[in-house]
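Comments concern the structure below.
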Amino acid sequence: MADRSTAAVGVANEGGEGSSSARQGSATPDGTTTDEQTSGTAEDTTAQEQPDTEPAAEPIAGAPSESTAQDIVRIEAADEDTGPAEPTEPLEAVPPAEPVAPAGKPTKAVGADRPAEPVEPSPESTKTAAAPPAPAPAPAKPRITAPDLHSGHKLARRYQLAECVTRVDGFSSWRAVDEKLRRAVGVHVLPADHPQARPVMAAARSAALLGDPRFVQVLDAVEDNDLVYVIHEWLPDAVSLGDLLRTGPLEPHEAYQMVSQVSQGMAAAHREGLSHLRLDPGAVLRTVSGQYRIRGLAVAAALRGLKSDQQRRQDTEAIGALLYAALTQRWPYEEDAHGLTGLPKGVGLIAPDQVRAGVHRGLSEIAMRALANDGATASREEPPCTTPEELAKVVAGIPRIRPPEQPSPAYGVASFQQPPAPPRAGAPRQATVIAGPPPALPGRTGQVLKWAVAALLIVAIGLGSWQLADTLQSREGHSATPTPTGQKGGQASARPSAGPIPIVTAKDYDPFGSDGGENPTQVKFAYDNRPSTSWETSWYTDAHFGNLKSGVGLILDLGSAKNVGSVKVDFVGQTSVDLLAAPAGTSTMPTDFDTFTKVASGSGTEAKLTPKSKVTTRFLLVWLTTLPPTSDGHFRGQVSEIHVTG
């Protein structure tokens, strides 16, 4: 089995983080970490091996005493056996202090290389003279606390924090509200003196320049006084891949769409020099339109200080792990991670189609080629995929996987009559009558009856026509009179039947744009009863209008206040839309967005917007909130027809 990438294995969920022991060293039974523990020091070894004897007579000046030489030999032997002991505190490169000699012996300065006088050395001076100082260990990483923020706190007098999503390693992630554009955003906040503050700012600015719609876009990166925060898109209608896998594995077409879009997106990012290094099921989002978006490009790794010398290979293996999980609902390693169960212990990496029945063979081989980067797969000796670009080409080369068939419409089951009860014993047997056309009457009697029926029908038609003509003529000569109270006909005409409401005029509406307009010359095509023509918006870099605005739309003028029952909007491509209404007493076309009230919402290519309660208004706003992709790689909304029904 191929070696496993450390980052692909140790990556944590977006909403949670790895254990503290994983970041600070392996835990020990006493609760400390290996970074905090040290082995026995040379002082301890010397103290244990030092013989408890009386010192010899004072030696001749300039020659070391016998006990001193023995002590040095013992210390050097201990150093050779156990290696240089790690000091409990960092050693500073300062001149050694003068040793304090025992009582009755002279105190002399000791040189850096050998003692100047034959004095009995202390363990510290002996260690310094006998062995070079060990390199100082890295100082313990100070614990950084996240900024003391709370819901309702406002950043830059614009972004109001609503809900804390993550708080770890000195930074916190929030769902917030952009009060200027009236939309939800995500915010990463960390202190300006955080060791990752500068890398996070650099990563956020680089990711913001990519502008690829397959990624959750970075909107802003700001250093404000003592805080650094990164603003990014928030997709309220999106679901993470981890949440999708909780209900079961993806069907083949959906898994194909996921790996295709993610590999193509990461290939584009690597061409611009960007990597992710934290691709996991929580970093891949699926929108209601079926598009997959990747969040945390470069920023997620910078927040946690992750680096790699093989960025392309690491991201490729992570995509392979995502595909493996999508096909099997299992994590492709022995450890359980991201809410998924790992593979059995000691089995190794086995192909997805051997883990679960019914897995698409081509996708199974692609997952293995992305994971087994040190060699070919066991099944078909295909070369491994080491970059997202290679993986995207392999995915594009497999035969087309058809989407699942739509379930057949639920038709009402025809009701069958119960068969007649069996005859009782002794009762005369009756023949079963089969429903069918009545038999013709025989002979002359039948012909007479046929002629009589035909004559009656002719007379009835004539009388009805004469009565209808007389009624129409009387209505033309006399004005309509009010229906008397209690007459049934009056009750039937009290409420007119529902019918189409004509649109008198319409106007494009772009209150948050720079020019305030959105193709005004094409507005008439949205209600001209010609499906071949349409009003279309400007093009944008993503489905959410390039994060420039919350939406665009059309204001419909019905001529006067009408009771609106529903509005049907035909789009070109899957589009999300809201229906808003102005107050009933509004007589002029509103220009302020706050004048309208949302009454219905929907999505699709044919969206039928039906208010839950009675709506009486003259002005309706058809407000587009997400746009479909176009063939040129951009996003654009197109409205072919709008029909209003009372």
Side-chain angles (χ1 to χ4, degrees), residues 181 213 288-289 291 500-559 562 564-582 586 588-593 595-611 615 617-646:
L181 296 180
V288 293
S289 62
Q291 182 186 14
I501 299 177
I503 300 173
V504 177
T505 185
K507 183 182 183 303
D508 60 306
Y509 189 58
D510 184 16
F512 307 119
S514 58
D515 55 357
E518 198 82 3
N519 292 334
T521 59
Q522 300 179 2
V523 173
K524 59 185 178 181
F525 299 142
Y527 59 100
D528 60 353
N529 293 323
R530 297 173 58 189
S532 60
T533 61
S534 62
W535 168 79
E536 60 183 23
T537 68
S538 302
W539 66 267
Y540 297 90
T541 57
D542 60 28
H544 295 275
F545 303 90
N547 302 306
L548 302 175
K549 60 191 72 172
S550 58
V552 297
L554 294 172
I555 299 179
L556 311 179
D557 185 359
L558 306 181
K562 302 289 176 57
V564 178
S566 64
V567 176
K568 181 176 177 292
V569 186
D570 296 336
F571 296 102
V572 178
Q574 294 282 337
T575 308
S576 298
V577 61
D578 293 339
L579 179 65
L580 297 89
T586 305
T588 58
M589 185 173 290
T591 58
D592 187 2
F593 185 81
T595 304
F596 294 94
T597 303
K598 181 179 176 180
V599 295
S601 62
S603 62
T605 56
E606 295 182 359
K608 186 174 182 180
L609 310 174
T610 303
V615 174
T617 184
R618 174 180 174 179
F619 298 100
L620 294 172
L621 173 57
V622 177
W623 186 248
L624 280 62
T625 56
T626 61
L627 305 178
T630 58
S631 58
D632 57 0
H634 298 136
F635 291 80
R636 186 192 304 270
Q638 298 183 60
V639 179
S640 58
E641 283 300 323
I642 301 177
H643 299 282
V644 182
T645 305

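Computed over heavy atoms, backbone and side chain alike; hydrogens, waters and symmetry mates excluded.
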**Q.** Smallest separation among heavy atoms of Asp542 and Asn547, with atom names
**A.** OD2-ND2, 3.5 Å

Q | Worked check of side chain to side chain contact (heavy atoms under 4.5 Å, CB included) between Leu621 and Tyr509 | A | CA-CA 8 Å; Leu621 173 57; Tyr509 189 58; 3.7 Å; yes

Q) Does the separation of the ring centres of Tyr540 and Phe545 fall below 6.0 angstrom? A) yes

Q: Only pairs at least two apart or in different chains count here, so list each salt bridge (Lys or Arg N to Asp or Glu O under 4.0 Å) that has a residue in residues 636-646.
A: Glu536-Arg636

Q) Any idea which heavy atoms bring Ser550 and Phe512 closest together, and the distance? A) OG-CE1, 3.3 Å

Q: Mark yes or no for whether Thr625, through its side chain, and Gly551, through its backbone, hold a donor-acceptor pair below 3.5 Å.
A: no

Q.
Could you work out, with salt bridge (Lys or Arg N to Asp or Glu O under 4.0 Å) as the rule, every residue matching Asp557, not counting sequence neighbours?
A. Arg618

Q) Who passes salt bridge (Lys or Arg N to Asp or Glu O under 4.0 Å) against Lys568, sequence neighbours left out? A) Asp570

Q: Grab the two heavy atoms, one from Leu554 and one from Asp508, that are nearest each other, plus how far apart they are.
A: CD2-CA, 3.8 Å

Q. Is there side-chain contact between Phe619 and Leu556, with heavy atoms separated by less than 4.5 Å?
A. no

Q | Thr610 versus Ser566, closest heavy-atom pair with distance | A | OG1-CB, 3.6 Å

Q) Can you find a heavy atom in the side chain of His643 that is under 4.5 Å from one in the side chain of Asn529? A) yes

Q: Apply the side chain to side chain contact (heavy atoms under 4.5 Å, CB included) test between Val622 and each candidate in Leu580, Ile555, Val569; give the one that qualifies.
A: Val569

**Q.** Donor-acceptor under 3.5 Å (Ser532 side chain, Arg530 main chain)
**A.** no

Q: Write down the atom of Trp535, the atom of Asn519, and the distance for their closest heavy-atom approach.
A: NE1-O, 3.2 Å

Q. Any sub-3.5 Å donor-acceptor pair from Ser576's side-chain atoms to Thr626's backbone N or O?
A. no

Q: Give the minimum heavy-atom separation between Thr617 and Leu558, together with the two atoms involved.
A: O-CD1, 3.9 Å

Q: Verify, without hydrogens or angle tests, whether Tyr527 (side chain) and Thr505 (backbone) share a donor-acceptor contact under 3.5 angstrom.
A: no

Q) Does Phe593 have its ring centroid less than 6.0 Å away from the ring centroid of Trp623? A) yes

Q. Pro213 versus Thr541: any side-chain heavy-atom pair under 4.5 Å?
A. no

Q) Got Val644 and Leu620 here, is their nearest side-chain heavy-atom distance under 4.5 Å? A) yes

Q: Taking Glu518 for its side chain and Ser538 for its backbone only, find out whether a donor-acceptor pair lies under 3.5 Å.
A: yes

